[in-house]
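These notes are about the structure you will find just below.
Model, not experiment: these values are computed from the prediction. All residue numbers refer to positions in the sequence shown, counting from 1.
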Amino acid sequence: MSKLTEYIGSQFGNPRGIVGFICCKCMNIINKKMYKKTVSLLSLNENLKLLDIGYGNGYLFKLADKSFGCNLYGIDISEDMKSLAEKRNKNALKDKRLNLEVGDCCNLQFEDNSFDAVSSINTVYFWSDTLKGLSEIRRCLVPGGCFINAVYTKEWLSRTKMAEKGFKKFEPEELIELGKQAGFENIEVVEIVKRKSFAVVYRK
């Protein structure tokens with residue numbers, strides 16, 4: 001793996017600077033089907049409180065807010081992404097329905113039972129502790145709330161040069177088992193693109 005490829009790959013886990021901006025724009029295009037599927041699985045409405053893990057430039061918020069106008073919360077490890085996400089979702093920010101933080105999903109600074117739904121698109125590869133992250137998300141969900149975890153398959157990522165280093169790759173069964181250990185009892189896998197991407201739906 002070249003240093004350039006490794007550097008670009010690291011931007012997907014922590015986008016920063018102009019390269020991070022470009023990588024996020026690329027991810028918006030490449031991951032479009034994952035975004036749309038995630039929004040459809042969330043069953044959004046105007047009263048719902050949604051937390052997005054790794055909000056990046058706020059693309060998912062824009063999709064969710066366009067049709068549903070719900071209360072949007074986000075946490076991202078990258079400080080550079082907050083201003084981009086706020087700019088993209090300026091109407092929600094103006095209406096005080098957008099609340100973004102910089103931090104780690106393995107140490108969420110929210111009270112128990114805070115959210116009706118949680119989403120994550122292609123971030124689980126980078127969590128420092130997958131089980132702890134899932135446990136934290138479950139803690140913050142209301143009873144009956146759901147977490148949509150959209151990811152690329154291990155097979156597809158293994159063929160991608162930029163994912164050679166720094167990515168934890170998962171089979172669906174591994175994410176199901178980790179979800180059970182975190183306390184989720186109702187878990188299902190939904191295919192997005194055959195042999196390429198899927199979503200694990202965890203319900204509290």
When rounded to the nearest 0.5 angstrom, what distance separates [atom1] in [X] from [atom2] in [Y]?
X	Y	atom1	atom2	answer
N57	K87	CG	NZ	11.5 Å
N71	L44	CG	CG	11.0 Å
M34	F198	CE	CZ	8.5 Å
I121	I192	CD1	CD1	7.5 Å
S119	I53	OG	CD1	7.5 Å
N122	S120	CG	OG	7.5 Å

Looking at R139 and D112, does any basic side-chain N land under 4.0 Å from a carboxylate oxygen?
yes

Is any side-chain N of the basic residue among K132 and E136 closer than 4.0 Å to the acidic one's carboxylate O?
no

Indicate yes or no: at least one non-hydrogen side-chain atom of [X] is less than 4.5 angstrom from one of [Y].
X	Y	value
L178	F170	yes
Y152	K169	no
D65	R97	yes
V200	F184	no
T123	C105	no
L157	K154	no
K37	I148	no

Under a 3.5 Å distance rule, please check whether N89 uses its side chain to pair with a backbone N or O of G58 as donor and acceptor.
yes

Side-chain donor or acceptor of E191 paired with backbone N/O of V189 under 3.5 Å
no

Going only through I, L, V, M, F, W and Y residues with side-chain contacts under 4.5 Å, is there a path from I187 to V142?
no

Shortest non-hydrogen contact from [X] toward [Y]:
X	Y	value
G74	F61	CA-CZ, 3.8 Å
W127	C106	CB-SG, 4.2 Å
L141	N113	O-OD1, 3.1 Å
T38	A150	OG1-CB, 3.7 Å
L48	S43	CD1-O, 3.9 Å
G179	L134	N-CD1, 3.9 Å

Do you know which of L50, N99, L51, L100 makes side-chain contact (heavy atoms from CB on, under 4.5 Å) with L72?
L50

If the condition is side chain to side chain donor-acceptor pair (under 3.5 Å), which residues does E171 pass it with, not counting sequence neighbours?
none

Can you name the salt bridge (Lys or Arg N to Asp or Glu O under 4.0 Å) partners of R138, sequence neighbours left out?
none

Over 60° means perpendicular and under 30° means parallel, so classify the ring planes of Y125 and F167, tilted if in between.
tilted

For atom CD of E46, is the number of surrounding heavy atoms from other residues, nucleotides or ligands below 6.0 Å larger than 12?
no

Check this for me: K180, atom NZ, are more than 12 non-hydrogen atoms of other residues, nucleotides or ligands nearer than 6.0 Å?
no

Residues passing the side chain to side chain contact (heavy atoms under 4.5 Å, CB included) test with S135, sequence neighbours excluded, are L131, A182

Verdict with supporting geometry, Y59 and K32, side-chain contact (heavy atoms from CB on, under 4.5 Å)
CA-CA 10 Å; Y59 187 84; K32 189 168 288 186; 3.6 Å; yes

